[in-house]
Amino acid sequence: MEKLSIAATMFCALVLAALAAAAGGEAAVVEHTFVVHEMNQTHLCNTTKIYVVNGQLPGPTIDITDGDTVVVHVINRLPHGLTIHWHGVRQMRSCWSDGAGFVTECPIPPGGDHVYHFNVTGQVGTLWWHAHVTCLRATVAGAFIIRPKGGMYPFPTPAKDVPIIIGEWWQLDLVELDRRMHDGNFDDNPLSATINGKLGDLSNCSGKPEESFVLDVVRGKTYLLRIVNTALFSEYYFKVAGHTFTVVGADGYYLTPYKTDMVTVAPGEAIDVLMAADGLPAHYHMVALANQPPEPDPQIPGFVSRGLIRYAGSSHNNNGLQVPTPLMPSQHNTMPSYYFHSNLTGLAHPDRHRVPMHVDERLFFTLGLGSICRDTNKTCQRRRSPETIVVATMNNVSFRHPTNTSLLERYYDKRTSGVYTEDLPDHPPHPYNYTDRSLIPPGPLEEALEPTSKATKLRRFRYNTSVEIIFQSTALLQSDSNPMHLHGYDFFVLATGLGNYNPKTDPKKFNYHNPQLRNTVHVPRTGWAVVRFVTDNPGMWYLHCHFEFHIIMGMATAFIVENGPTSETSLPPPPPEFKRCGANGLTQP
């Protein structure tokens with residue numbers, strides 16, 4: 001893996017692209033209709049009921065240009081409610097359209113509909129959209145592509161761009177999966193990984209051509225792969241045999257070109273890579289392999305999907321030769337993920353805001369597990385027993401998600417009593433050795449730290465506040481990485497590291513020159529990450545780990561950003577198409 005030496009050339013290309021954008025055409029209004037419904041699919045010798053949009057898996061791609069306005073009419077034909085979240089879209093002064101269930105709106109009821117209306121300006125690259133109620137995003141998801149004004153990229157224009165949606169195949173009904181996890185049962189696993197909805201040829205009852213995703217290429221041309229991880233449970237390694245990638249973007253922003261033979265993508269992340277079709281005309285396997293930590297359960301099965309790169313002019317049987325398969329790292333080796341993420345840097349942009357050099361509010365968030373009593377009116381005598389349920393925490397607080405109201409609606413109406421409090425701790429209650437591996441299995445030290453509380457605790461910020469967050473992954477009952485996603489904002493990733501964050505020495509590692517600008521930061525396993533941003537977007541913004549089990553377990557909160565001094569810096573009233581919550585916790589007709 002190596003950094004490319006063409007960043008200066010790309011910077012010049014960005015300047016030219018900015019000039020082209022200034023002379024570009026008028027912004028458009030892009031409209032879509034999403035019909036969400038049930039559908040049966042047969043894989044692994046079984047027919048499974050799944051949830052899809054417009055009969056597609058993955059769902060339809062939204063393809064727009066920087067500056068366009070998006071209008072999506074969602075029709076819910078499911079027997080339960082849902083919302084659609086536009087993952088990574090800044091939603092400047094359009095918090096009402098963020099689509100975070102019970103945070104910015106109540107779910108769309110069965111048979112109901114909802115219109116999302118928002119503008120996208122200042123972002124270019126790949127984002128995505130997904131359901132944001134229960135586990136439905138496993139199948140209700142799709143790519144969200146933002147093209148540059150004037151059509152100019154800061155790299156040679158690819159022959160074609162291709163969404164690569166990495167996901168998981170669940171035989172268990174996703175609503176039942178959600179119910180089980182809310183009840184504290186986390187023993188279920190997907191049966192396979194998927195690439196663009198295809199399981200590949202490695203699973204039982206597979207091997208048919210239609211079971212694998214196939215990308216047809218022409219030798220000598222370059223392709224832009226837009227890789228998105230929509231999975232509920234795992235990071236993924238992605239490789240193509242005999243080929244390398246040049247990483248050029250992530251989460252809707254350009255990166256300094258970075259050459260590698262493997263991409264690591266965590267849940268919630270979108271990575272843009274160029275792949276040159278420079279191999280001999282033949283067939284080559286692509287592989288997506290789930291990456292899980294070795295503790296606490298080394299017996300988690302490996303989830304893998306295999307697709308195909310097929311060169312024009314190659315024979316249908318690959319000239320009788322075996323199709324090459326890339327050599328993948330161990331399923332339990334998490335270090336390639338750390339090195340991949342820590343080697344990425346942002347590409348300097350003439351219009352990009354500078355990293356705020358001062359800090360008004362500094363937060364230190366520990367990310368781990370704990371336990372609470374199943375009976376909230378009872379004091380448990382023993383932890384880690386049938387009386388308790390395991391929860392995920394931030395600073396020893398497990399977030400209690402509302403189930404019958406919207407936090408944004410209550411905040412806007414000033415009816416917050418009994419709904420939430422604004423006292424999320426800025427630091428953990430008791431400092432300890434956060435990455436001590438002896439905390440992973442239950443023991444005396446772990447038992448003393450395990451008890452926690454469950455509450456809807458938020459954090460409020462004034463407008464135009466410079467905020468720094470140190471995310472510290474802990475070893476408390478787990479050793480997962482944590483892809484932390486903040487709605488409504490992008491943040492500068494100043495540094496990441498392994499072990500405990502050191503406030504005296506680690507700030508010396510901060511990258512103020514060309515940090516990544518991301519909406520999801522990969523906090524490494526028993527490591528840390530530091531991000532910084534300015535609160536310039538008023539509203540109610542959800543912050544959470546993008547592992548679905550961590551969301552359900554409570555590794556989440558919401559940030560309130562107050563209005564600024566003018567109408568242009570304030571949250572506007574709900575738009576005419578917004579539907580308020582009813583008494584049943586669903587939107588009103």
Legend entry - Distance-only side-chain donor-acceptor flag, Gln41 / Thr47, under 3.5 Å: no

Inset, instruction - Could you check whether the rings of His85 and His487 sit parallel, tilted or perpendicular, using 30° and 60° as the cut-offs? - result: parallel

Inset, instruction - Mark yes or no for whether Ser234, through its side chain, and Tyr236, through its backbone, hold a donor-acceptor pair below 3.5 Å. - result: no

Inset, instruction - Output the distance between atom NZ (Lys149) and atom CD1 (Ile146), rounded to the nearest 0.5 Å. - result: 12.0 Å

Inset, instruction - Search all heavy atoms of Ala288 against all heavy atoms of Ala193 and return the closest pair with its distance. - result: O-CB, 4.2 Å

Inset, instruction - Using distance alone, with no hydrogens and no angle criterion, decide if Thr126 and Asp272 have a side-chain donor and acceptor under 3.5 Å apart. - result: yes

Inset, instruction - Would you please indicate yes or no on a ring centroid separation below 6.0 angstrom for Trp96 and Phe578? - result: yes

Legend entry - Basic-acidic side-chain contact under 4.0 Å: Asp161, Arg147: yes

Inset, instruction - Indicate the atoms forming the closest heavy-atom contact of Thr587 with Cys106, along with that distance. - result: CG2-O, 3.0 Å

Inset, instruction - Mark yes or no for whether Tyr116, through its side chain, and Ile84, through its backbone, hold a donor-acceptor pair below 3.5 Å. - result: yes

Inset, instruction - Measure the spacing between NE2 of His114 and CZ of Phe34 and express it to the nearest 0.5 Å. - result: 13.5 Å

Legend entry - Gln171 and Thr48: side chain donor to acceptor below 3.5 Å: no

Inset, instruction - Would you sort out whether Tyr311 and Tyr284 count as a ring-ring contact (aromatic ring centres under 6.0 Å, His included), showing the intermediate values? - result: CA-CA 9 Å; Tyr311 275 73; Tyr284 301 84; 5.6 Å; yes

Inset, instruction - Could you tell me which non-hydrogen atom of Arg137 sits nearest to which non-hydrogen atom of Ala141, and how far apart they are? - result: O-CB, 3.6 Å

Inset, instruction - Run the salt-bridge test on Asp490 and Arg518 with the 4.0 Å N-O cut-off and return the result as yes or no. - result: no

Inset, instruction - Please work out whether the ring planes of His522 and His341 are parallel, tilted or perpendicular, with thresholds of 30° and 60°. - result: parallel

Legend entry - Identified side-chain hydrogen bond (donor to acceptor under 3.5 Å, both in side chains) counterpart of Arg90 within the set Asp536, Asn519, Asp98: Asp536

Legend entry - Flag, side chain of Ser473 to backbone of Pro524, donor-acceptor distance under 3.5 Å: yes

Legend entry - Residue pair Thr496 / Ser342, side-chain donor-acceptor N/O under 3.5 Å: no

Inset, instruction - Of all the heavy-atom pairs spanning Gln91 and Asn537, show the shortest one and how long it is. - result: O-ND2, 3.2 Å

Inset, instruction - Check each of His546, His132, His544 against His87 using the ring-ring contact (aromatic ring centres under 6.0 Å, His included) test, and report the only one that passes. - result: His546

Inset, instruction - Keeping the roles fixed (side chain from His332, backbone from Ser330), state whether a donor-acceptor pair exists under 3.5 Å. - result: no

Inset, instruction - Verify, without hydrogens or angle tests, whether Asn514 (side chain) and Leu347 (backbone) share a donor-acceptor contact under 3.5 angstrom. - result: no

Inset, instruction - Find the distance between OG1 (Thr345) and CD (Gln516) and round it off to the nearest 0.5 Å. - result: 7.5 Å

Legend entry - Closest approach of Ala28 to Asp68 (non-hydrogen atoms, all atoms of both residues): N-OD1, 2.8 Å

Legend entry - Parallel, tilted or perpendicular: rings of Phe547 and Phe549 (30°, 60°): parallel

Inset, instruction - Would you check if the distance from the ring center of His43 to the ring center of Trp169 is below 6.0 Å? - result: yes

Legend entry - Side-chain H-bond candidate by donor/acceptor type, Asn119 with Thr69, under 3.5 Å: yes

Legend entry - Asn482 (side chain) donor-acceptor with Met484 (main chain) under 3.5 angstrom: no

Legend entry - Check: Val124 main-chain N/O paired with Asp66 side-chain donor or acceptor under 3.5 Å: no

Legend entry - Check: Ile271 main-chain N/O paired with Arg226 side-chain donor or acceptor under 3.5 Å: no

Inset, instruction - Kindly say whether Asp173 contributes a backbone atom to a donor-acceptor pair with the side chain of Glu176 at under 3.5 angstrom? - result: no

Inset, instruction - Taking only Lys NZ, Arg NE, NH1 and NH2, and the carboxylate oxygens of Asp or Glu, determine whether Glu38 and Arg77 approach each other closer than 4.0 Å. - result: no

Inset, instruction - Taking Asn291 for its side chain and Ser337 for its backbone only, find out whether a donor-acceptor pair lies under 3.5 Å. - result: no

Legend entry - Centroid separation Phe102 to His401 less than 6.0 Å: no

Inset, instruction - Quick one: pull up CZ in Arg219 and CG in Leu280 and give me the separation to the nearest 0.5 Å. - result: 6.0 Å

Inset, instruction - Measure across Lys49 and Tyr51 and return the closest heavy-atom pair with its distance rounded to 0.1 Å. - result: CE-OH, 3.5 Å

Inset, instruction - Output yes when Lys239 and Asp261 qualify as a salt bridge under the 4.0 Å nitrogen-oxygen rule, no when they do not. - result: yes

